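Below is one structure, written out as structure tokens; the observations come after it.
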Amino acid sequence: MINDSEINIKKSLGLHALVLLLMIGYQMKGTDKKSLNLSNTKLVKNSIRVDVVGMPKHTLQELKALSKLSQGGGGEVVETQKEKAPTKVQPPSENDFLKAKKKTSFQDLIKNLSQKKVKVNKQKKSPKKTKKKTSSNSSSPINSKIRNQLKGLILEGNKISKGTSLVGGEATDALESEFNNYILQVPDVVKINWKLPSYLIDKGLQCRIQVFINAAGEVINLKVIESSGNADYDKKAIEAIWRSSLPGPGKEIVYRLIRGDLILGFPL
Amino acid sequence: MKRYTIFFFISFLSLQVFANTEKSIIAVGEAELEKLQVFISGPFNSEGKSLSHQKWLRETFVSNFKFYQKYFEVSSSDFDLVKPEGFKGTFIKIEVNNSNQLQVLFHQENGEKFQITSEQVLSQNSESDRSYVHEISHDIYKRLTGKSSIFKSRIFSVCETKKVGRDAIKELFVMDFDGKRRRQLTRHNGLVISPAASVDGRKVIYSLINDQAKRRNINLHLFDLKTRKSEIISSRKGINSGAVFLPGGKEIYLTLSHRGNADIFKLNLATKNLTPITGHYALDVDPSISYDGRLITFLSDRPGKPMIYTMDPSMKEKNVKRISFVGKYNATPRFSPDGKEIVFSSWLDSRFDLFRIGSDGSNLVRLTKDFGSNEDPTYSVDGEFIAFSSQRVITSRKAVQVLYIMDRDGKIIGNITPNDENCISPRWTN
């Protein structure tokens, strides 16, 4: 009996050690020596989906002007060309970072090891949370007006529906929510200073910068964790952050910003 | 106990390994375009004296760069010999040297200096000397942006020359990209429609409706700008129209209706061999070809109303794909130079307006609105601009169509033909 117990414990220990080694090996495999390990990251983005059900009533110039005014709401416009049911909501798009996260997160590793399917939790936002998020994003009173204008487009040809946030399914606690609310404000502030000369625009370049922010909302350090390969492009992105006056974060989330939990993607 | 301690230690260690801080990537989005400051000064002679009688040189440079207002903030003066103190941007000084050649010095923001001198001597005729300004403007633009400009390009169009009774006589014209130096090419005393230029801009094909001919037909003509001669290349019964050159310039796609139904064919200009490209019972008209020739877009009433399609023209009815799914009446689809998007006109609110759509059918956007009736778009050679005809002035006697240029996002640059002259069907070429 004792022998059986000892054998089981030995087996268990051996198995745990093996699992641990496998996990460490798996994590190290995806690590780029020159850049920060992005395996445990998530992409935070707002999006708007437009289903074209008729010829657009508004011109591109008008939509650009609306977009500029409504930057507080953030988001990207995605269009589809076919007549589709206007109430259909776009499912969360699979992107590299979510895929990367899926591959390397602890939860997913356990899932893979146990060969069990893990149910993907769709984020449900309580009315209270939605209200809080809206108020924090609406830095200017024009936002509600613009949102109403955008809603008006539904009647005039374009179906616009709020896209699904790619925040992920685990951000349920209050601190995570506060952190997300804060970081969602940052792009709107930085975007004001995010400008490129013609020779750098539309080149398909992309860089990612880790931002360290103190309690006063001051940027205390920056780290290019993924270079575009073009020094001028990276420099412009860095300048855009340095020139930005970011809002002060709540004291509960300062520690996350000081340690650099925020990465800004230029453009994604 | 010892084993349990080891077990818990390993478990604790594994938790520590994976309890990394979760980082969040958030998208800032696409950058806004940062305009480059350009200061143009001159012209001066070699001694630095201002040449006020040749101020048109400066005005032409300024006018050229203002086309790219999306990229440049242009200012000018006639007295600054050097870059003004504190000016951050590119300083361009225009000179006419002792050999009467146009010479431009430009001083970039990073301190680099370049000089470009025109090989030709100025003739003192501002009309003919404009081409030197365009050539140098093109060189400067290329150095600043790394891209080719529209400054050396031309636009073919059809303009009304006179009226015979109620019928308008419309002939083929060619002009610089800015509408200057417009000159008449044909004198058929008929109605020229749907011109298209070869890639090198040396030949133009167009259709002619000649009421004075014995048999009223829409025939296809080819005009050679070198010999200035025109010849009929297709006079089959019915429509011989909507022709476009293939990249090599030896073949064309055109719409023919000699079999009773309008279809798109390929015609070899040398052998006159005809190859059907479309073969549907519906009407297929108005082809436009991507610059690499791998794709054509055309108009078809296959769904019951005119919609835009694309296809691989290497074989009959190959990979035909419907692109537009909305619009009461779509017309004149035209490819962008890179073949990634199509601009077209569509009937909306009792007039035509211009729209742009990706060649895969995505990203439908409206470009014009509240600007008269807008038709017949054509992309510039660099894909940055769209020329089109706009019917804005409507008097009790006639409706006047004027040629306009806007950028590819629909920002109007201005008209390139006078407001009191009737011009249609612009076709941009090298």
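The model shown is predicted, which means the values in this text are computed figures rather than measured ones. Within every chain, numbering begins at 1; the chains are lettered A, B, ... in the order of the sequence lines, protein sequences first and strands thereafter.
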Measuring heavy-atom distances to chain B, does A/I201 have an atom under 4.5 Å in its side chain, in its backbone, in both, or in neither?
side chain
Closest-packed option against chain B by number of heavy-atom pairs under 4.5 Å, given A/K64, A/E62, A/K236, A/K195
A/K195
Report yes or no: does B/S75 contribute a side-chain atom to a donor-acceptor pair with the main-chain N or O of B/F39 at less than 3.5 Å?
no
If you draw the axis of the six-membered ring of B/Y309, does the NZ or CZ of B/R302 fall within 45° of it and under 6.0 Å from the ring centre?
yes
B/L36 versus chain A, the contacting section by heavy-atom distance below 4.5 Å:
neither
Taking every heavy atom of B/K147 against every heavy atom of B/E384, the minimum-distance pair comes out as NZ-OE2, 3.6 Å
Measuring heavy-atom distances to chain A, does B/S324 have an atom under 4.5 Å in its side chain, in its backbone, in both, or in neither?
neither
With distance as the sole test, does A/D234 use its side chain to make a donor-acceptor pair with the main-chain N or O of A/S228 at under 3.5 Å?
yes
Of the backbone (N, CA, C, O) and the side chain (C-beta and beyond), which part of B/D370 lies under 4.5 Å from a heavy atom of chain A, both, or neither?
neither
What pairs with B/F114 under ring pair (Phe, Tyr, Trp, His ring centres under 6.0 Å), at least two apart in sequence or on another chain?
B/F106
